[in-house]
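Structure first, then comments.
FYI, the numbering just counts along the sequence from 1.
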Amino acid sequence: MRILHTADWHLGRTLEGRSRQPEQEAVMDEICRIADDEKIDAVLMAGDVFDTVNPPAASETLFFNTVHRLSKNGKRPIVIISGNHDNPDRLQASAPLADYQGITLVGRPIDHLLTVPVPQCSMEMMVSAVPYPSESRLNEVLSVMNEEERIQEAYDERLAYLFSKHENDFRKDTVNVMMSHLFVAGGKESESERPVQIGGAYTVSTGSLPKRAQYTALGHLHRPQTIHHGTAPARYSGSPLAYSFSEANQPKSVTIIDVEPGEEAQVQEIYLSSGKPLVRWRAKNGIEDVYEWIEAGRDGNAWIDLEIKLTEALSVHDIQQLRKYHSGIIHIKPIYAEKEAIEESLRSSETPIDELFTKFYKQQTGGAEPGSDLIQLFLELINERADEENHAESGRDADCVRSN
C-alpha cells in the first residue's frame, strides 16, 4: 500500500494581509499531481485544512475541488481530521456526501478505529483517527486542580489511554496507522503555528504514541520532521507552504509511505516547488544595498522580510519607492547604528544589565532614577529580543543540518 501523508494546508491564510490564494491553488494542484504520478493508494490529511473556523468561500471551494481530485471518485480513499484551526462540526458536516467518494471526515476524537477499504491495492487500512484533542473536544475535565503540571500529566495520560485502546483493535491482516493533530514533546516549532500548549500543557510525550502503529501521521508543526519514539516512524509532514518568516529557506514536502500488513513502513519525502519563497534580506550598507539587489532581480518572486542598517530614519518616500520596486516586501525594519552600538555594549559588558540601564536612564534624564516597574519592563524586552534571536538561530542551524 502506498500512502500520501499531508497536513496543515491552512487554506485562506494571508501574509500580513497579502492573499496566498494563488499559491494555495498551485500547491493543491501539485499535491494532486504527485498523488497520480506516485500511484498513491490512500491519502491521510492530518488537520488544519483551513486557517480559521469560518474560512472564505474560495478556500472551501479549493478544498472540495482538491479532495474530489484526490479521491478519484472513490478509488483512492482519503481520511481527513480537524486541527486546532478548523471548526470540527463544520468540517464534518459534509461527511454523508463525502463518504460516497471514499472521503472520511472526522471532526472530533472518536473511541473506535476506522476501517478503510483501499480498492487500488485490494487491502484494508485501520486508522486510529484523533483530531485535535483539546480538553473540550475530549469532552472531559482533565484536572480539577488548576495546576499546570497536573493538567499536563492528565492530558498525556488521557491520550495514551485513547491510543492504547485504539491499537488493541489493530489487525494482523491490515495496514495499521495512527493520525492526529497535536504537539509531541521534542518537535521543532515555527512562528506560524499558533500555540496549542501553555507551558507544558497539551503536550504528548513520545512514550504515549501507539507502539503497534506501523506509521503515525502527525499534523500541527509546519517543519517536516520525524519524531523518534520506537521502531515505527512518527512524522510531521509539515505545511505545504511557508507561512511565516521563521520558515524562510525551509523546504516543504509531502510524505509517502510504502507499507504492507505486518511489515515495516518505508518513508520518503517528495519536495514541493509551488508557492513563493519567504526570504530575509539584511542590508548592512543601508538602502543602497536594497536598490542594488532589486535592480539585479534578486528574489523577484519572493516575499521579503527586510532589515536595513541606517543612520537616520527612512522617509515615507523611501518606503513607498521600495514597495513600488519590489511588491513582495512585507516588513521593513530599520536598525539604527546608535541603537545597535548600545545593545552591543550591553551584551559585552560584565556589569549587570539592570545597572547599565539605570546608568543610561540617569544620563538621558539628568539624574532621575528609573522605577522598578520600568526596569522590569526593560529586562522583559531584552529577554524577548534574545529569545527571538535564539529561535531564529536554532531554525537556521536545523536547516543547515538537514541540508547536509
Seminar exercise, completed: Smallest heavy-atom separation, Ala302 atom then Val279 atom, equals CB-CG2, 4.1 Å
For this session: Start with the C-alpha distance between Asp48 and Asp86, add both sets of side-chain angles, then the distance that settles side chain to side chain contact (heavy atoms under 4.5 Å, CB included), and finish with yes or no.
Result: CA-CA 6 Å; Asp48 277 355; Asp86 298 312; 4.1 Å; yes
Problem set entry | Student check: side-chain heavy atoms of Ser71 and Arg76 closer than 4.5 Å | no
Exercise. Does Gln92 reach the main-chain N or O of Val106 with its side chain, forming a donor-acceptor pair under 3.5 Å?
Worked result: no
Exercise. For Glu23, what residues pass the salt bridge (Lys or Arg N to Asp or Glu O under 4.0 Å) criterion, not counting sequence neighbours?
Worked result: Arg20
Seminar exercise, completed: The salt bridge (Lys or Arg N to Asp or Glu O under 4.0 Å) partners of Asp318 (sequence neighbours excluded) come to none
Show me the side-chain donor-acceptor pairs of residues 257-264 shorter than 3.5 Å, one per line, residues at least two apart or across chains.
| from | atom 1 | to | atom 2 | distance (Å) |
| --- | --- | --- | --- | --- |
| Asp258 | OD1 | Arg2 | NH1 | 2.7 |
| Asp258 | OD2 | Arg2 | NH1 | 2.6 |

For this session: Go through the structure and list residues passing side chain to side chain contact (heavy atoms under 4.5 Å, CB included) with Lys75, not counting sequence neighbours.
Result: Lys72, Gln120
Exercise. Which is it for Ile332 and Ile319 under the side chain to side chain contact (heavy atoms under 4.5 Å, CB included) test, yes or no, and what are the steps along the way?
Worked result: CA-CA 8 Å; Ile332 301 176; Ile319 294 172; 3.9 Å; yes
Exercise. Hey, what do you get for CG (Leu105) to OG (Ser94), rounding to the nearest 0.5 Å?
Worked result: 5.0 Å
Problem set entry | Where Pro233 and Ala265 come nearest, the two heavy atoms and their spacing | CG-CB, 4.3 Å
Problem set entry | Ring-ring centroid check Trp281 His326, cutoff 6.0 Å | yes
For this session: Measure from the ring center of His222 to the ring center of Tyr236 and say whether it is less than 6.0 Å.
Result: no
For this session: Decide yes or no for Arg223 and Glu247: does some side-chain heavy atom of the first lie under 4.5 Å from some side-chain heavy atom of the second?
Result: no
For this session: Any pair with a residue in residues 16-57 that passes ring-ring contact (aromatic ring centres under 6.0 Å, His included), sequence neighbours left out, goes on the list, sorted by first then second residue, please.
Result: Phe50-Phe63
For this session: Would you check if Val49 and Leu91 make a side-chain contact, meaning some heavy-atom pair closer than 4.5 Å?
Result: yes
Seminar exercise, completed: CD1 of Ile335 to OG1 of Thr311, rounded to nearest 0.5 Å, is 13.5 Å
Exercise. For the residue pair Pro117 and Thr115, what are the closest heavy atoms and their distance?
Worked result: CD-O, 3.5 Å
Exercise. Do Leu314 and Ile287 have side-chain heavy atoms sitting under 4.5 Å apart?
Worked result: yes
For this session: Verify, without hydrogens or angle tests, whether Asp8 (side chain) and His220 (backbone) share a donor-acceptor contact under 3.5 angstrom.
Result: yes
For this session: Apply the test side chain to side chain contact (heavy atoms under 4.5 Å, CB included) to residues Tyr215 and Val175: give CA-CA distance (whole Å), side-chain angles for both, the deciding distance (0.1 Å), then the verdict.
Result: CA-CA 9 Å; Tyr215 179 78; Val175 168; over 6 Å; no
Seminar exercise, completed: Across all chains, not counting sequence neighbours, the salt bridge (Lys or Arg N to Asp or Glu O under 4.0 Å) partners of Asp37 are none
For this session: Would you kindly say whether Asn54 and Thr52 are connected by a side-chain donor-acceptor distance under 3.5 Å?
Result: no
Exercise. So do the side chains of Thr206 and Ile227 get within less than 4.5 Å of each other, counting heavy atoms only?
Worked result: yes
Problem set entry | Contacts of Glu25 that satisfy side chain to side chain donor-acceptor pair (under 3.5 Å) - sequence neighbours left out | Gln21
Problem set entry | Stepwise side chain to side chain contact (heavy atoms under 4.5 Å, CB included) check, Leu113 with Phe170 | CA-CA 8 Å; Leu113 291 177; Phe170 283 151; 3.7 Å; yes
Exercise. Would Tyr161 and Glu157 count as a side chain to side chain donor-acceptor pair (under 3.5 Å) if you check the C-alpha gap in whole Å, the side-chain angles of each, and the deciding distance to 0.1 Å?
Worked result: CA-CA 6 Å; Tyr161 172 78; Glu157 289 168 4; over 6 Å; no
Exercise. Can you name the side chain to side chain contact (heavy atoms under 4.5 Å, CB included) partners of Ile270, sequence neighbours left out?
Worked result: Ile34, Glu38, Val254, Ile256, Gln268
Problem set entry | Within residues 295-304 or reaching into it, pairs that qualify as salt bridge (charged side-chain N to carboxylate O under 4.0 Å, His left out) - sequence neighbours excluded | none
Seminar exercise, completed: Between the CG atom in Leu11 and the CE atom in Met28, the distance rounded to the nearest 0.5 Å is 5.5 Å
Exercise. With sequence neighbours left out, which residue pairs that include part of residues 59-70 fulfil the salt bridge (charged side-chain N to carboxylate O under 4.0 Å, His left out) condition?
Worked result: Asp29-Arg69, Glu60-Arg90
Exercise. Can you find a pair of side-chain heavy atoms, one from Ile3 and one from Val43, that are under 4.5 Å apart?
Worked result: no
Exercise. Does a side chain donor of either Glu269 or Tyr271 reach within less than 3.5 Å of an acceptor in the other side chain?
Worked result: yes
Exercise. Can you check whether Ala57's main-chain N or O pairs, donor with acceptor, with Thr61's side chain at less than 3.5 Å?
Worked result: yes
Exercise. Got a donor-acceptor contact below 3.5 angstrom from the Ser237 side chain to the Ala7 backbone?
Worked result: yes
Seminar exercise, completed: Of all heavy-atom pairs linking Pro88 and Gly107, the shortest is CB-O, 3.0 Å
For this session: Give the minimum heavy-atom separation between Ser180 and Pro133, together with the two atoms involved.
Result: OG-CD, 4.2 Å
For this session: Kindly say whether Ser59 contributes a backbone atom to a donor-acceptor pair with the side chain of Gln24 at under 3.5 angstrom?
Result: no
For this session: State which residues pass salt bridge (Lys or Arg N to Asp or Glu O under 4.0 Å) with Lys172; sequence neighbours excluded, sorted by chain then number.
Result: none
Exercise. Is Ile31 close to Thr66 at the side-chain level, that is, under 4.5 Å between some pair of heavy atoms?
Worked result: no
Problem set entry | For Leu322 against Tyr291, the heavy-atom pair lying closest together | CD2-CE2, 3.9 Å
Seminar exercise, completed: CG of Leu306 to CH2 of Trp293, rounded to nearest 0.5 Å, is 7.5 Å
Exercise. Do any N or O atoms from the side chain of Lys252 and from the backbone of Ser273 form a donor-acceptor pair under 3.5 angstrom?
Worked result: no
Exercise. Which value, rounded to the nearest 0.5 Å, describes the distance between Leu218 atom CG and Phe183 atom CZ?
Worked result: 11.5 Å
Exercise. Would Asp305 and Lys333 pass as an ion pair if we require N to O under 4.0 Å?
Worked result: yes
Exercise. Does some side-chain heavy atom of Trp9 sit less than 4.5 Å from a side-chain heavy atom of Val27?
Worked result: no
Exercise. When you look at Asp89 and Arg108, which way does the salt bridge (charged side-chain N to carboxylate O under 4.0 Å, His left out) test go after all the steps?
Worked result: CA-CA 8 Å; Asp89 299 322; Arg108 297 179 182 275; 3.1 Å; yes
For this session: Kindly compute the distance separating NE2 (His5) from CZ (Arg235), expressed to the nearest 0.5 Å.
Result: 8.5 Å
Output side-chain donor-acceptor pairs under 3.5 Å for residues 122-130, partner residues at least two apart or in another chain, one line each.
| from | atom 1 | to | atom 2 | distance (Å) |
| --- | --- | --- | --- | --- |
| Glu124 | OE1 | Arg171 | NH1 | 3.3 |
| Glu124 | OE1 | Arg171 | NH2 | 2.9 |
| Ser128 | OG | His166 | ND1 | 2.6 |

